[in-house]
Amino acid sequence: MKSSISHLLLLSLIYFNGLVSKAQAIPRQRPFNNTIPALLIFGDSIVDPGNNDYVGTILKANFPPYGQDFANRAATGRFTNGRLPTDYIISYVGIKDYVPPYLNRSLSIDELMTGVSFASSGTGSDPLTPRLFNVVPLPKQLEHLQEYRKRIEDAIGKGNTNNLIKKSVFLISAGINDFVLNYFTAQFRRLNFSVSEYEKFVLQLFREFIQGLLSQGATKIAVVGLPPLGCLPFTITSKTIPLTGRQCVERINSVARDYNVLLQSELRPLQSTQPDKGTKIYYADFYGPLQDMIQNPQKYGFEEVSSGCCGTGLLETSFLCNPKTPVCPDASKYIFWDSIHPSDRAYYLVFQAFRPLIDFIIKDTVATN
Ligand SMILES: *[C@@H]1O[C@H](CO)[C@@H](O)[C@H](O)[C@H]1NC(C)=O
Ligand SMILES: *[C@@H]1O[C@H](CO)[C@@H](O)[C@H](O)[C@H]1NC(C)=O
Ligand SMILES: *[C@@H]1O[C@H](CO)[C@@H](O)[C@H](O)[C@H]1NC(C)=O
């Protein structure tokens, strides 16, 4: 009974067709001036600026009201009303205002060389996860990195390209969809894995992905942990009985916390066993800042913590949040823009919480250059 709503949603997502429109231009970059030459980004919708616009999937966000608070109100494919944390980061680092999606084939060499995102909304470490919606699997994102590298090599040569990769900061967000869409909603994996077995399974695959980045020359990798999955409006809707009040599902939050602990304990040995002793793997805590917003909304000026701004806020995401869906009058009062994704304002605050880590990475970079 309790998962019938999420099953229904998943089925409607899977069988729905269409609703695709063209995203608008991403504003031009600033002149390059920094110690970090580029950000190279991988993973899921938290950091996907619109790669799914170029993929045969129904999981898209390139139509209003997505992007209603973005420059020119452009619905670029970002799953929020404004900018992603990585847009705030690349702008803070002084590289450019927005991270473009790699799959836009019109990007110039300069745009490529200052950083792109390979991320694809709906993906995860478990190979079954990207198959649910036919999005870009993580190993395919690694192939795109190889192709990216060849394009840069053709322009600036192999030595310079190796140097660029070495100095770039890599950032990855993955795992949300493995747990939320796959394990707890589609539930096929529950036949074969207990939740703690599944955590280890996902982590093993994620580690292989990080190793793939390292073997392509990455030396600075920031890994974003899981947010409080039990507090996503979608989780609350599908895992609690209506009318009992919308509260975070503690059992699912504890899965996210367990996974984050395991993840951090994987990263340390991974870093120390690299032949290049300058290799750094950083952990970015996403759980803490979002949980603090949810527990202390008034501290940040939020008024709604358990429903998204788009539609009823209970289930809508992707094409269920579309030009016909009503939206809340002021998205900046909402932690969540849709039933899964934070609002622009929450993402800005997440970026603020990441700032000490970003400053630390910049300092590290200056020290090793
Ligand atoms: C793709 O990138 C080019 C070059 O930056 C830009 O002019 C174009 O608007 C982008 N396409 C989309 C759909 O954003
Ligand atoms: C970077 O830009 C700032 C101002 O925007 C300038 O003061 C600084 O000298 C520049 N640094 C380099 C290395 O060009
Ligand atoms: C579960 O395990 C069985 C037997 O090993 C296998 O046939 C099946 O494909 C697995 N299902 C999933 C979803 O992994």
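For clarity, every value in this text was computed on a predicted model and none was experimentally measured. The first residue of the sequence shown is numbered 1, and numbering continues consecutively from there. Each ligand, and each atom within it, is numbered from 1 in the order the structure gives.
The distance from ligand 1 to the heavy atoms of Ser106 drops below 4.0 Å at these ligand atoms: 2 (O), 3 (C), 4 (C). In the vicinity of Glu111, heavy-atom distances shorter than 4.0 Å reach the ligand 1 atoms 4 (C), 5 (O). The contact set between ligand 1 and Tyr54, taken as ligand atoms under 4.0 Å from a residue heavy atom, comprises 11 (N), 12 (C), 13 (C).
Around OH of Tyr348, the count of heavy atoms belonging to other residues, nucleotides or ligands within 6.0 Å does not exceed 12.
Put simply, the residue from Ile294, Asp292, Ile252, Val249 that forms a side-chain contact (heavy atoms from CB on, under 4.5 Å) with Pro228 is Ile294. With Arg78 as the partner, the salt bridge (Lys or Arg N to Asp or Glu O under 4.0 Å) test is satisfied by one option alone out of Asp338, Asp48, Asp87: Asp87.
Disulfide check for Cys328/Cys310 fails, with the SG atoms at least 2.5 Å apart.
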